[in-house]
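Notes follow once the structure below has been shown.
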Amino acid sequence: MLDIKLIRDNPDAVKAGLANRNADTDVIDEVLALDTTWREKLGDAEQQQSALNKANKAFGPWMGARKKNPEMPAPAELVELLGETPSDPETAKEKLRLLGEQKDKVENEAAAILNQIEGLLLHLPNIPHKDAPVGKSEDENVVRKEWGTKPEFGFEPKAHWDLVGDKGLDLEIGGRISGSGFPFLRGKIAKLERALINFFLELHTSEHAYTECWTPFMVRSETLRNSSQLPKFYDDLYRADERDDLFLIPTAEVPLTSVHAGEIIPDDQAPIRYCAFTPCFRREAGAAGKDTRGILRVHQFSKVELMVVTTPERSEAEHETLTRCAETVLERLNIPHRRLELCTGDMGFGAQRCFDLEAWAPGVGKWLEVSSCSNFGDFQARRAKIRVRGDDKKVRLAHTLNGSGLAVPRTMIAILENNQQADGTIKIPEALQPFYGAEVL
RNA sequence: GGAGGGGUGGCAGAGUGGUUGAUUGCGUCGGUUUCGAAAACCGAUUUGCUCGAAAGGGUAACGGGGGUUCGAAUCCCCCCCCCUCCGCCA
């Protein structure tokens, strides 16, 4: 969520940022107008409340005093508020009740407006970081680096769906059980899936400083709002059913981001780094008919996620570190890949800056996104109320970051397609062999 | 699913309608004392919103949301979470 104070103080900068993201900017004027009214009503209500509080505070002692002396006059606070000396407590009560109703009315009006403002803010994306390249669409993303060399084959490389039909990737059975986009794996491919998950986790926990987590795979709507999937992306989520407020997680980012929700973390405990394997469930509502073949785009997939909570001062450095951790996975697996910096028009809703890692897949002849490493700034922290406290005791919003490390299916595609041999077998990358238990698949 | 107990400040733990944002203890920070430290003593120690240039003022919060009342941490209703026991089931 954007900072209402930033919008107040610097509406033009906010609009410019939103415009770079191809987002609507008129809503900012709407928010500003509502905000002005809200603050007027709030001040009004609080002033009335203040007067009522003073009178109420004096009321009890007055009642007590009247027990000893029924002639005890009403206290000055009460007289001041009512503008007259009440004849008896019952009359005073009635008048206070009416004043309270007046106050409630204004208070409710203010609350309704605040609600409206929040509704608008919840649908606004983050403002891009000043260093993020400005651009309209994915065509303007910037390649920051390329690693490895694309393999040369003495034959026409096959796409993964033609490579492993006999090795246990069974899309039809998945379809029979659950529908399209739910791959069924058995035998060697099932084992390869497990090997990749273990390899990822082992690398990030043993060599990188991430704490392994095991999270719930279903979460409440509140948890999804914290990390900004809700309210805007409801259609992309699987919901358990209407009896429970539970959704299937689209990524481990969701449960991990809420681990420290509501907390104030001392600066010296930052950065807090977590990683977790989870299945990810996505309806892919907006992508129907796109990348339908093989396991390019599926409704359920495995992923190991990296997530960081840190101070505003450290977040940029952490962003680079996190991205490097994800890149290391690809390097160890010897997969040709590149790092893309997303332009303002292509970044995800909550990101202020984002690097995508793309693995080369020679069979399908495409770069495949296997990781998206984002710095959210304080965008998620504001929703989740995650804060940090410095040596000077000052409290400020934390920064959150996350990235895949990595998504399994597309990494698997890259391994299969890059390491295919003329005889139809696939060489297992050396780093993965201890986890897979063989050199060839 | 059934029965019961409970959710209060960093922690522990009081508080059942009126100067209680909240007794007290611990912890933490500062000071006195000391060559230094411990102990002792003194003081400080939540966060949000809002008004204000600032100083400072106002307001809100005792799991969450409603209600009763002139007034709610305290009474009523709904929901969530934790604990114990029973049932059921990996």
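Proteins come first, then strands; the chains are lettered A, B, ... in the order of their sequence lines, and each starts at number 1.
Comparing B:G25 with B:C41, their P atoms sit 11 Å apart, to the nearest whole Å. If you take atom C1' in B:U69 and the same atom in B:C11, they sit 35 Å apart, rounded to whole Å. Across the C1' atoms, B:G36 and B:G15 are found 44 Å apart, a figure rounded to whole Å. Going from the P atom of B:G6 to that of B:A90 covers 34 Å, rounded to whole Å. Taking atom P on both nucleotides, B:G67 is separated from B:A73 by 15 Å, rounded to a whole Å. Taking the C1' atom of each, B:U23 and B:C82 are spaced 26 Å apart, rounded to whole Å. Taking atom P in both B:A72 and B:C62, the straight-line distance is 11 Å, to the nearest Å. Rounded to whole Å, the separation between the C1' atoms of B:U45 and B:G21 comes to 14 Å.
Ring centroids of A:Phe247 and A:Phe281 are separated by 6.0 Å or more, keeping the two rings apart. Aromatic pair A:Phe379/A:His399: centroids not less than 6.0 angstrom apart. Taking the six-membered ring wherever Trp is involved, the centroid distance between the rings of A:Phe200 and A:Phe277 does not fall below 6.0 Å.
In this structure, A:Arg389 does not reach the B:G10 phosphate: none of its side-chain N or O atoms is under 4.0 Å from OP1 or OP2. A close approach under 4.0 Å does occur between a side-chain nitrogen or oxygen of A:Arg39 and OP1 or OP2 of B:C51.
Screening residues 1-12 of chain A for side chain to side chain donor-acceptor pair (under 3.5 Å), with sequence neighbours left out, gives A:Arg8-A:Asp35.
Taking atom CG of A:Leu52 as the reference point, atom P of B:G58 lies 15 Å away to the nearest angstrom. Here the C1' atom of nucleotide B:G66 and the CG atom of A:Asn108 are 12 Å apart, to the nearest Å. Separating the CD atom of A:Glu40 from the P atom of B:G58 is a distance of 22 Å, rounded to the nearest angstrom.
Both A:Gln49 and A:Leu96 lie near RNA chain B, and the one whose nearest nucleotide falls closer to the 5' end is A:Gln49. Comparing A:Gln47 and A:Lys5, the nucleotide of RNA chain B nearest to each residue sits closer to the 5' end for A:Lys5.
When the nucleotides B:U50, B:G58, B:C80 are ranked by their closest atom to the side chain of A:Leu42, B:U50 comes out on top. Side-chain proximity of A:Phe59 to the nucleotides B:C70, B:G58, B:G48 is greatest for B:C70. When distances run from any side-chain atom of A:Asn53 to the nucleotides B:G48, B:A60, B:C70, the shortest one goes to B:A60.
In this structure, A:Trp38 reaches the sugar-phosphate backbone alone: every heavy-atom distance under 4.0 Å involves primed, P, OP1 or OP2 atoms, never a base.
Between A:Glu109 and A:Lys41, at least one side-chain nitrogen of the basic residue sits less than 4.0 Å from a carboxylate oxygen of the acidic one, meeting the salt-bridge criterion. Classification of A:Glu101 and A:Arg97 as a salt-bridged pair holds, one side-chain N sitting under 4.0 Å from a carboxylate O.
With both pairing distances under 3.5 Å, B:U20 is matched to nothing as a Watson-Crick or G-U wobble pair. Remark: B:U45 base-pairs with B:G27; criterion is Watson-Crick or G-U wobble with both hydrogen-bond distances under 3.5 Å.
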